[in-house]
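The block underneath contains the structure these notes are about, expressed in C-alpha cells.
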Amino acid sequence: MSTLVYINSRNGIAKNAYEAITYAKKLGQEVIAITTGNADDSVLATAGEYGASKVLVDRSVATDDAQQLTRVIANAVESTGANTVVFSNEIVAKSVAPRLSVRLKAGLISGAIAIPEGDTVKVNVFSGKAFGNVKINSDKKIISLLPNSIQPEQTGSACSVEEFNGNAGEAKIKLLETKKPEGEIPLPEAELVVSAGRGLKGPENWGMIEDLAKELGAATACSRPVADIGWRPHHEHVGQTGVAIRPNLYIAAGISGAIQHLAGVNGSKVIVVVNTDAEAPFFKAADYGVLGDAFEVIPRLTEAVKKFKASN
Amino acid sequence: MKILVCISKSPDTTSKIAFTDGDTKFDENGVQYIINPYDEWYALVRALELKEANGGTVTVITVGTAPDDAVIRKALAIGADDAVRIDAEPTDAYFVSMQIANHAKENGFELVMTGKETINYNGSQVGGMISEAMDLPFVSLASKMDIDGMTATLETEIVGGIQIIEVELPAVVSCAKGMAEQRIPNMRGIMAARTKPLNVVAPIEVEKLTSFNNYTMPPAKSACKMIDPENMDELVALLHQEAKVI
Ligand SMILES: Cc1cc2nc3c(=O)[nH]c(=O)nc-3n(C[C@H](O)[C@H](O)[C@H](O)COP(=O)(O)OP(=O)(O)OC[C@H]3O[C@@H](n4cnc5c(N)ncnc54)[C@H](O)[C@@H]3O)c2cc1C
C-alpha cells in the first residue's frame with residue numbers, strides 16, 4: 001500500500017508541500033507525490049529528499065481548476081493503488097480535497113495538526129479554540145494537514161520524476177488574469193508576521209510596520225476594522241472572519257486582542273504584543289508583552305533587529 | 001436565475017467553548033447560535049444583490065433539526081425568498097453535502113453559494129463536495145462575483161494574490177470577504193420572514209465517512225513575559241535565544 005501526496009508546484013515547491021510529504025512518510029507506507037504543471041524535473045525531484053519514492057507529473061494541466069486536479073489525483077490513486085491521500089491544507093487543496101472525497105468516497109479530515117494516533121487524527125476546531133479527534137470510517141482516507149503543524153524533515157535524496165497522464169478533461173474555469181503584488185510575502189505562508197490594529201490611528205502610520213516587517217523578512221497583517229475602513233487591503237485581515245495563520249512569530253501592535261481576532265492567530269508559536277493598555281486582552285494570549293506606545297516601540301524594535309542582524 | 005445559498009448555524013463568536021458527555025459533545029449550554037458569518041455576510045448578501053440586479057430567486061438551505069428554524073428565519077428576514085431545512089442532524093460534511101447536492105439537482109438550481117468555511121468546524125469542505133456530487137465547476141474563496149447572462153466573472157484568492165476567472169453557470173461558489181457587506185434585517189424583513197415558506201424535507205440515505213470521537217482543549221498558555229519598552233534589544237535577544245523564532 002502507498003500514500004499519495006498532492007504537491008502544488010505552480011510557483012516552485014512551498015515549504016508546506018514538504019511538510020505534507022514528511023507527514024505522509026510518517027504514516028509508514030511508500031510515498032508517491034502527484035503534481036501538475038511545468039516545474040523543472042530537478043525541482044520536483046526534491047520531493048525525494050523528504051521521503052517520496054517518485055513524483056508523478058501531469059504536464060497537460062495548466063491551471064488550478066479543481067475539477068481537473070480531482071480527476072488527475074483520482075486517476076493517480078487508481079494507478080498507484082494508494083489507500084491514503086495527503087494534502088497540505090492550502091488554498092488549492094481546500095477546493096480539491098473535498099471533491100476528491102466525494103469522487104473516491106473517501107473520508108476527509110481537513111485541518112489535521114498531528115500524526116494519526118491509531119485511527120484518529122487531531123484537527124483544529126472552533127477556530128483553534130479546541131481540538132477534535134476525528135476518525136475516518138471509509139477504507140480510503142484523505143488527510144489535509146494544516147500548514148506549519150509539523151517541520152519538514154530532510155531524510156533522503158532526490159527521486160525520479162515520471163510523466164503521468166491523469167485524463168484531466170477540459171478546464172471549465174477560464175483564467176483571465178492573475179494579480180500578485182511583487183516582492184510581498186504571502187501571508188498564509190509567512191513564518192514571521194507583523195500585524196497592527198486600530199491603535200495605529202491611520203493608514204499613514206503603517207510605514208513603521210512595513211519597515212519592521214521588511215527588516216525581519218515578515219509579512220504584514222491587520223485586524224478586521226482596519227481592513228473594513230480601508231486602511232489596509234482585505235487580504236491582510238486575520239481572525240475568525242479573515243485569514244487564519246500559524247506563523248512562528250506574530251507581532252501585534254495596537255490590537256486589543258478581541259476573541260475573534262485571537263481565533264485567527266492563536267496557532268502562532270510565539271506572540272509578541274505591543275499595547276498602551278495593560279488591560280488589553282491580548283496580553284493574556286501573548287508570550288512577550290511590551291506595555292508602551294507602538295509609535296515609539298516599533299521603530300525601536302526595528303533598530304534592535306537591524307543591530308541584531310548586523311552582529312550575527 | 002435560481003440561487004441556492006447554504007446556511008450553517010454556528011455558535012456566536014464570543015461563545016465559551018466547552019464540551020460535555022466525556023468531551024464527546026459540544027456544550028450548548030448558554031450558547032447563542034448565529035448564521036455562520038461567511039454564509040450570511042458574504043454568500044447570502046451577494047446572492048440577494050445578484051437577484052436585485054438580475055432577477056431570480058434566492059433560496060436558503062440548511063441541514064439541521066427543528067431548533068435551527070430560528071437561524072433560518074433570520075436568513076429570510078435578511079431577504080431570502082424561501083427556505084429549505086433538510087430534517088437531519090448535520091453529522092459530517094459528506095452527509096450534509098450529499099443532502100444539499102441532491103436537493104439542488106432535483107430542483108434545478110443554477111448557482112449554489114456557500115461560505116468559505118464554518119467558524120466551528122473550519123472544514124471548508126461543503127462547497128467542494130457539493131460541486132463534485134453535482135459534477136459542476138467549483139470556484140472557491142471568491143471575493144467578488146458578477147453575472148452576465150449565464151457567465152459569471154469572479155475574483156478569487158490565490159496564494160499571495162488574486163485571480164480573475166470566468167465560468168459558465170451552473171456552478172458552485174464559496175464566498176470569502178469582499179463579496180458583500182453585512183446587512184442588518186429591518187422590521188419589515190423580520191415581519192415578512194414569519195410568513196415566507198420554510199419547507200422541511202426528509203433526508204436521503206447517506207453514510208458517514210468521518211466521525212468525531214472526542215474533543216480536547218489546548219494547553220493553557222504560560223504567563224506573558226513583560227519587556228521594558230525602552231529595551232527592545234532584550235526582546236530581540238529573547239526571540240532569538242529563548243523562543244528561537246528569529
Ligand atoms: C462576528 C464577528 C467577527 C469578527 N471577526 C474578526 C476578525 O476576523 N478579525 C479581527 O481582527 N476582528 C474581528 N472582529 C472584531 C473584533 O471583535 C474587534 O472589534 C477587533 O479585532 C478590534 O480591532 P483592533 O484591536 O484593531 O481595535 P481596537 O479594539 O480599537 O483596539 C485598539 C488597541 O490599540 C491599543 N492602542 C491604542 N493606541 C496605541 C498605541 N499608540 N500604541 C499601542 N497600542 C495602542 C488600544 O489600547 C487597543 O487595545 C469580529 C467581530 C465580530 C462580531
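Reminder, nothing fancy here: chain letters follow the sequence lines and each chain counts from 1. Predicted, not measured: the structure shown is a model, and the values here were computed from it.
Using modelled atom types and a 3.5 Å distance limit, the side chains of A:Asn133 and B:Asn214 yield a donor-acceptor pair. No side-chain donor from either of A:Asn137 and B:Thr210 sits under 3.5 Å from a side-chain acceptor of the other. In this structure, a donor-acceptor pair under 3.5 Å is present between the side chains of A:Ser110 and B:Gln125. Between the side chains of B:Glu234 and A:Tyr288, no donor N or O sits under 3.5 Å from an acceptor N or O.
Around NZ of A:Lys140, the count of heavy atoms belonging to other residues, nucleotides or ligands within 6.0 Å does not exceed 12. A 6.0 Å sphere centred on CG of B:Asn231 holds more than 12 heavy atoms belonging to other residues, nucleotides or ligands. Atom CG of A:Asn312 sits in a crowded spot, with more than 12 heavy atoms from other residues, nucleotides or ligands closer than 6.0 Å. Within a 6.0 Å sphere centred on CG of B:Asp148, heavy atoms belonging to other residues, nucleotides or ligands number 12 at most. Within 6.0 Å of NZ in B:Lys25 there are 12 or fewer heavy atoms belonging to other residues, nucleotides or ligands.
In this structure the side chain of A:Val270 reaches within 4.5 angstrom of the side chain of B:Leu239, judged on heavy atoms. The side-chain heavy atoms of B:Phe138 and A:Arg99, taken from C-beta on, include a pair separated by under 4.5 Å. Here the side chains of A:Glu296 and B:Pro229 are not in contact, with every heavy-atom distance at 4.5 Å or above. Residues B:Met98 and A:Val102 form a side-chain contact, since some pair of their non-hydrogen atoms from C-beta on lies under 4.5 Å apart. A:Ser127 has its side chain within reach of B:Asn122: a pair of non-hydrogen atoms, C-beta onward, lies under 4.5 Å apart. At a threshold of 4.5 Å between non-hydrogen side-chain atoms, the residues A:Leu176 and B:Thr153 count as touching. Between A:Lys135 and B:Phe212, the closest side-chain pair of non-hydrogen atoms is not below 4.5 Å. Looking at A:Lys129 and B:Met217, their side chains never come closer than 4.5 Å, going by heavy atoms from C-beta outward.
Contact of B:Ile162 with chain A is made through backbone and side chain together, with heavy-atom distances under 4.5 Å. In this structure, the portions of B:Leu238 lying under 4.5 Å from any heavy atom of chain A include both its backbone and its side chain. Heavy atoms of A:Leu100 lying under 4.5 Å from chain B are absent altogether. For B:Ile227, the parts sitting under 4.5 Å from any heavy atom of chain A are the backbone and the side chain alike. In this structure, no portion of A:Ala244 lies under 4.5 Å from any heavy atom of chain B. In this structure, chain A has heavy atoms under 4.5 Å from both the backbone and the side chain of B:Ile158. Residue A:Ala190: no heavy atom, backbone or side chain, is found under 4.5 Å from chain B. Of the two parts of A:Leu187, neither the backbone nor the side chain holds a non-hydrogen atom closer than 4.5 Å to a non-hydrogen atom of chain B. The part of A:Val272 that comes within reach of chain B is its side chain, from C-beta onward, which places non-hydrogen atoms under 4.5 angstrom from that chain. Heavy atoms of A:Lys307 lying under 4.5 Å from chain B belong exclusively to its side chain. In this structure, the portion of A:Ile259 lying under 4.5 Å from any heavy atom of chain B is its side chain and not its backbone. Residue B:Lys244: no heavy atom, backbone or side chain, is found under 4.5 Å from chain A. For chain B, no part of A:Val92 is nearby; none of its heavy atoms comes within less than 4.5 Å. Using a 4.5 Å cut-off between heavy atoms, B:Tyr121 touches chain A through backbone and side chain atoms alike. Both the backbone and the side chain of A:Thr178 come within contact range of chain B, with heavy atoms under 4.5 Å apart. Only the backbone of A:Asn124 comes within contact range of chain B, with heavy atoms under 4.5 Å apart. The contact between A:Glu177 and chain B is made by backbone and side chain atoms together, counting heavy-atom distances below 4.5 Å.
Between B:Glu207 and A:Lys105, at least one side-chain nitrogen of the basic residue sits less than 4.0 Å from a carboxylate oxygen of the acidic one, meeting the salt-bridge criterion. The pair A:Asp228-B:Lys177 meets the salt-bridge criterion, with a side-chain N (NZ, NE, NH1 or NH2) lying under 4.0 Å from an Asp/Glu carboxylate O. Salt bridge status for B:Lys225 with A:Asp287: absent, with no side-chain N to carboxylate O gap under 4.0 Å.
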Practice item. Just do the side chain to side chain contact (heavy atoms under 4.5 Å, CB included) check on B:Thr216 and A:Lys122 with the steps written out, would you? Key: CA-CA 9 Å; B:Thr216 47; A:Lys122 194 183 219 181; 4.0 Å; yes
Residue pair B:Val159, A:Asn11: steps toward the side chain to side chain contact (heavy atoms under 4.5 Å, CB included) verdict
CA-CA 10 Å; B:Val159 176; A:Asn11 305 298; 5.8 Å; no
Verdict with reasoning, A:Gln240 to B:Thr13, per side-chain hydrogen bond (donor to acceptor under 3.5 Å, both in side chains) = CA-CA 8 Å; A:Gln240 192 151 19; B:Thr13 52; 4.8 Å; no
Show the numbers, then the answer: is there a side chain to side chain contact (heavy atoms under 4.5 Å, CB included) between A:Val290 and B:Met232? CA-CA 9 Å; A:Val290 183; B:Met232 285 302 102; 3.8 Å; yes
Q: Before giving the answer on side chain to side chain contact (heavy atoms under 4.5 Å, CB included), spell out for B:Leu209 and A:Ile136 the whole-Å C-alpha distance, their side-chain angles and the decisive distance to 0.1 Å.
A: CA-CA 6 Å; B:Leu209 295 184; A:Ile136 298 184; 5.7 Å; no
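Here B:Gly128 is the residue among B:Ser97, B:Ser15, B:Gly128, B:Ala223 with the most heavy-atom pairs under 4.5 Å with chain A.
Shown here are the side-chain hydrogen bond (donor to acceptor under 3.5 Å, both in side chains) partners of B:Asp146, two or more places apart in sequence or in another chain: B:Arg46. Residues forming a side-chain hydrogen bond (donor to acceptor under 3.5 Å, both in side chains) with A:Ser268 (at least two apart in sequence, or on another chain): none.
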